[in-house]
Undergrad: 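Before I ask anything, let me first share the structure, which is written out below as structure tokens.
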Amino acid sequence: MLLGGRLLTGLACGVASLVAPVYISEIAYPEVRGLLGSCVQLMVVTGILLAYLAGWVLEWRWLAVLGCVPPSFMLLLMCCMPETPRFLLTQHKHQEAMAAVQFLWGSEQGWEEPPIGAEHQDFRLAQLRRPSIYKPFIIGVSLMVFQQLSGINAVMFYAETIFEEAKFKDSSLASVVVGIFQVLFTAVAALIMDRAGRRLLLALSGVIMVFSTSAFGAYFKLTEGAPSNSSLVDFLAPVSAEPAGASVGLAWLAVGSMCLFIAGFAVGWGPIPWLLMSEIFPLHVKGVATGICVLTNWLMAFLVTKEFSSLMEVLQPYGAFWLASAFCILSVLFTLCCVPETKGKTLEQITAHFEGR
């Protein structure tokens, strides 16, 4: 029963992570698409924080029941929402599309009708030779890969251990503190997304993560050989001549690095890959392309989570975090060289950019 429930929940989350960003990008004004698109990630981290808080007072069965409430509301409210105008146009439903625009925007002013002729084509592998297809495809997949290689799962993996070694009275507070940081800085990102732009926030986020993962590596290098009160790092040597006070001080270095990393990730590499994924693909390949991007993200998350412990055994913890820092450097370079700015542009203008028009 539990395995079946987890399977269905995972299926539903996978579908939602694909459909929600695309739906929002197709119904939003260009001027607020960044704000609304970032709200997907904001709602995800808010839900995680609420689950942490509810877990303090509820047993797991009631927590599962409570988890039924948000999707029930979504099911009811989505019954009142129209299909996206762009999709309706591909189905030759022009009148319904204009009615959807009127419902969503209040008027047809500012609506730019996409060129429908090309949008009725089915996706074929031969289309990958076209710059308007392969360029956004490479960017979308690369963003998902770099997001998972940034070290986010590694940091979350160590969160409670780090708080324990910093001598927090209740190390379970680690989850709540991490959740609060994620919510606050994801909200900041959503508010400034349409002013600062995607590229700037991605680059800034990557630079912050470079410094924080480097500091993490330095922490583990300095504490190499120190005793640990967590089985997560019990492959470290059990003998240390370092005084307890110094160990606690170094643990606070890790706490600061962790908070800095989470803030940096939440400002850029948390929400923006999902936002850009929903913006950069032409309509006739969006379903297939975004599906591949989401599959890449979840597959990379699985591989990183599964192999992280093995990686630390081979490279040592400091080596694993310095490797994550190297990937963060690559993500900054990739952002500056390859990722276009989509701030304030319509989806048609973004497609035209990749086509060279």
Undergrad: Determine whether the aromatic ring centres of residues Phe146 and Phe327 are separated by less than 6.0 angstrom.
TA: no

Undergrad: Taking all atoms of both residues into account, what is the closest heavy-atom pair of Ala320 and Phe308, and its distance?
TA: CB-CE1, 4.1 Å

Undergrad: Which residue pairs pass the side-chain hydrogen bond (donor to acceptor under 3.5 Å, both in side chains) test with at least one member in residues 35-48, sequence neighbours excluded?
TA: none

Undergrad: Are Val207 and Leu149 connected in a single hydrophobic cluster, I mean Ile/Leu/Val/Met/Phe/Trp/Tyr linked by side-chain heavy atoms less than 4.5 Å apart?
TA: no

Undergrad: Start with the C-alpha distance between Ile280 and Ile139, add both sets of side-chain angles, then the distance that settles side-chain contact (heavy atoms from CB on, under 4.5 Å), and finish with yes or no.
TA: CA-CA 9 Å; Ile280 59 179; Ile139 291 171; 4.1 Å; yes

Undergrad: Just wondering, are more than 12 heavy atoms of other shown residues or ligands nearer than 6.0 Å to NZ in Lys93?
TA: no

Undergrad: Decide side-chain contact (heavy atoms from CB on, under 4.5 Å) for Met98 and His94; before the verdict, give the C-alpha distance in whole Å, the side-chain angles of both, and the deciding distance to 0.1 Å.
TA: CA-CA 6 Å; Met98 293 303 101; His94 188 273; 3.5 Å; yes

Undergrad: Side chains of Met258 and Ile262: does their closest heavy-atom pair fall under 4.5 Å?
TA: yes

Undergrad: Locate the shortest heavy-atom distance separating Leu63 from Ala54; write the atom from each residue and the value.
TA: CD1-CB, 3.5 Å

Undergrad: How far does CG of Leu276 sit from CZ of Arg199, to the nearest 0.5 angstrom?
TA: 10.5 Å

Undergrad: If you round to the nearest 0.5 Å, how far is NZ of Lys286 from SG of Cys293?
TA: 11.5 Å

Undergrad: For a quick test of reading the model, state the closest non-hydrogen atom pair linking Cys328 to Thr213 and the distance between them.
TA: SG-OG1, 4.5 Å

Undergrad: Could you tell me whether the side chain of Ser205 and the main chain of Gly264 form a donor-acceptor pair under 3.5 Å?
TA: yes

Undergrad: Arg198: which residues meet the side chain to side chain donor-acceptor pair (under 3.5 Å) condition with it, sequence neighbours left out?
TA: Asp194, Glu279, Thr342

Undergrad: Could you state whether Met193 and Leu202 fall into the same hydrophobic cluster, counting links through intermediate Ile, Leu, Val, Met, Phe, Trp or Tyr residues with side-chain heavy atoms under 4.5 angstrom apart?
TA: yes

Undergrad: Could you give the distance from CG (Leu36) to CG (Leu42), rounded to the nearest 0.5 Å?
TA: 11.5 Å

Undergrad: Would you indicate whether the side-chain heavy atoms of Ile24 and Ser278 approach each other to under 4.5 Å?
TA: no

Undergrad: Assess the residue pair Ser212 and Ser257 against the criterion (side-chain hydrogen bond (donor to acceptor under 3.5 Å, both in side chains)); give the C-alpha distance rounded to whole Å, side-chain angles, the decisive distance to 0.1 Å, and a yes or no.
TA: CA-CA 5 Å; Ser212 55; Ser257 300; over 6 Å; no

Undergrad: Do Arg86 and Glu348 sit within salt-bridge range, that is, some charged N less than 4.0 Å from a carboxylate O?
TA: yes

Undergrad: What pair of heavy atoms forms the shortest contact from Ser150 to Phe265, and how long is it?
TA: OG-CE1, 3.8 Å

Undergrad: Are the side chain of Thr335 and the backbone of Ala203 linked by a donor-acceptor contact shorter than 3.5 Å?
TA: no

Undergrad: Distance from Leu311 atom CG to Phe321 atom CZ, nearest 0.5 Å?
TA: 10.0 Å

Undergrad: May I ask you to decide if Thr346's main-chain N or O and Gln349's side chain share a donor-acceptor pair within less than 3.5 Å?
TA: yes

Undergrad: Tell me the closest heavy-atom pair linking Pro271 and Ala266, and the distance in Å.
TA: CD-O, 3.2 Å

Undergrad: Does any non-hydrogen side-chain atom of Met81 lie less than 4.5 Å from one of Phe103?
TA: yes

Undergrad: Sequence neighbours left out, what passes side chain to side chain donor-acceptor pair (under 3.5 Å) with Thr84? Give chain and number order.
TA: Glu26

Undergrad: Count I, L, V, M, F, W, Y as connected when their side-chain heavy atoms are under 4.5 Å apart, and connections chain through other members. Are Met78 and Val40 then in the same cluster?
TA: yes

Undergrad: For Leu3, look at atom CG and say whether over 12 heavy atoms of other residues, nucleotides or ligands are found less than 6.0 Å away.
TA: no

Undergrad: Give, for atom CG of Leu200 and atom NZ of Lys343, the distance between the pair rounded to the nearest 0.5 Å.
TA: 8.5 Å

Undergrad: Decide if the gap between the ring center of Tyr318 and the ring center of Phe220 is smaller than 6.0 angstrom.
TA: no

Undergrad: Check whether any side-chain N or O of Trp105 sits under 3.5 Å from a backbone N or O of Ile27 as a donor-acceptor pair, and report yes or no.
TA: yes

Undergrad: Does Phe211 have more than 12 heavy atoms from other residues, nucleotides or ligands lying within 6.0 Å of its CZ?
TA: no

Undergrad: Tell me the closest heavy-atom pair linking Ile350 and Arg33, and the distance in Å.
TA: CD1-NH2, 3.6 Å

Undergrad: Would you say the side chain of Met277 lies within less than 4.5 Å of the side chain of Leu143, judging by non-hydrogen atoms?
TA: no

Undergrad: Take Trp269 and Met209 through the test side-chain contact (heavy atoms from CB on, under 4.5 Å) and record every step on the way to the result.
TA: CA-CA 9 Å; Trp269 279 95; Met209 291 192 299; 3.4 Å; yes

Undergrad: Among all residues two or more places apart in sequence or in another chain, which pass the side chain to side chain contact (heavy atoms under 4.5 Å, CB included) test with Tyr134?
TA: Pro131, Ile138

Undergrad: With a 4.5 Å cut-off on side-chain heavy-atom distances among I, L, V, M, F, W and Y, is there a chain of contacts connecting Phe334 to Leu204?
TA: no

Undergrad: Using side-chain heavy atoms (C-beta onward) and a distance below 4.5 Å, is Phe354 in contact with Pro340?
TA: yes

Undergrad: If we only count heavy atoms from C-beta on, is the Trp274 to Asn297 side-chain gap below 4.5 Å?
TA: yes

Undergrad: Between Tyr23 and Leu75, is there a shared hydrophobic cluster once you connect ILVMFWY residues whose side-chain heavy atoms come closer than 4.5 Å?
TA: no

Undergrad: Using the rule given for side-chain contact (heavy atoms from CB on, under 4.5 Å), can you reason through Val285 versus Thr290, listing the C-alpha separation, both sets of side-chain angles and the distance that settles it, and then say yes or no?
TA: CA-CA 8 Å; Val285 301; Thr290 53; over 6 Å; no

Undergrad: Only counting residues at least two apart or in another chain, list the ones meeting side chain to side chain donor-acceptor pair (under 3.5 Å) with Gln182.
TA: none

Undergrad: Mind checking what makes side chain to side chain contact (heavy atoms under 4.5 Å, CB included) contact with Glu59, not counting sequence neighbours?
TA: Arg61, Trp62

Undergrad: Do any N or O atoms from the side chain of Thr305 and from the backbone of Phe302 form a donor-acceptor pair under 3.5 angstrom?
TA: no

Undergrad: I need the Thr351 OG1 to Phe281 CZ distance, nearest 0.5 Å.
TA: 10.5 Å

Undergrad: With a 4.5 Å heavy-atom cut-off, do Ile133 and Arg130 have their side chains touching?
TA: yes

